[in-house]
Amino acid sequence: QVQLVESGGGLVQPGGSLRLSCVASGSIFRINVMGWYRQSPGKERVLVAEITIGGSTNYGDSVKGRFTISRDVAGNLMSLQMNSLKVEDTAVYYCNVNAGWPNTVDYWGQGTQVTVSS
């Protein structure tokens, strides 16, 4: 069984920082992309940041210059460093792993709440 577990969420003031972590366990065949998504009330789940197994990164426009995604060499641990947090960043953040070839499958964590408020 594959399991993704997020940690590091919490309450932070605007302008503050948080670091989220995601640990993957179980056997995952051919990881293609690892990423972070978020969903706030009344909104669709959207991409925050992603990183390929080769190290290429992609960020959502709203977080560019503020968030940084990283992974370990084995690809079973990744982090999201969030700086200069805004109220608009408040959401549940989900870890995602896209894996498999030629057919792919997406694995998701349960999510961790990030609340940015004064």
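Heavy-atom minimum distance, T90 versus V116: OG1-N, 2.9 Å. What you find for I53 and I31 is that their closest heavy atoms are CB-O, 3.8 Å. Here the closest non-hydrogen pair linking M78 and C95 is CE-SG, 3.3 Å.
Qualifying side chain to side chain donor-acceptor pair (under 3.5 Å) partners for D61, counting only residues two or more places apart in sequence or in other chains: K64. Under the side chain to side chain contact (heavy atoms under 4.5 Å, CB included) criterion, V2 pairs with I28, Y107, sequence neighbours left out. Applying the side chain to side chain donor-acceptor pair (under 3.5 Å) criterion to T57, with sequence neighbours excluded, gives no partner residue. Here T115 pairs with Q113 under the side chain to side chain donor-acceptor pair (under 3.5 Å) rule; sequence neighbours left out.
Within the structure, no pair that satisfies the ring pair (Phe, Tyr, Trp, His ring centres under 6.0 Å) test touches residues 11-35, not counting sequence neighbours. Within the structure, the ring pair (Phe, Tyr, Trp, His ring centres under 6.0 Å) test picks out no pair touching residues 4-27 (sequence neighbours left out). The salt bridge (charged side-chain N to carboxylate O under 4.0 Å, His left out) contacts involving residues 77-105 comprise R38-D89, R66-D89, where partners must be two or more places apart or lie in separate chains. The side-chain hydrogen bond (donor to acceptor under 3.5 Å, both in side chains) contacts involving residues 27-36 comprise R30-N32, N32-N98, where partners must be two or more places apart or lie in separate chains. For residues 43-59, the set of pairs meeting the salt bridge (charged side-chain N to carboxylate O under 4.0 Å, His left out) definition, not counting sequence neighbours, is empty.
In the hydrophobic clustering, L47 connects to Y37, V92, Y94, W108, either directly or through intervening members, whenever side-chain heavy atoms lie under 4.5 Å apart.
Between the OH atom of Y93 and the CE atom of M82 there is a distance of 5.5 Å, given to the nearest 0.5 Å. In this structure, OG on S56 lies 8.0 Å from CD1 on I51, to the nearest 0.5 angstrom.
The closest donor-acceptor contact from the side chain of E6 to the backbone of Q110 lies under 3.5 Å.
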Would you give me the side-chain donor-acceptor pairs under 3.5 Å for residues 11-25, sequence neighbours excluded?
residue : atom : partner : partner atom : Å
S17     : OG   : N83     : OD1          : 2.9
R19     : NH1  : Q81     : OE1          : 3.1

Show your working on side chain to side chain contact (heavy atoms under 4.5 Å, CB included) between L4 and V97 and close with a plain yes or no. CA-CA 8 Å; L4 305 179; V97 174; 3.9 Å; yes

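In this structure the side chain of L80 reaches within 4.5 angstrom of the side chain of V48, judged on heavy atoms.
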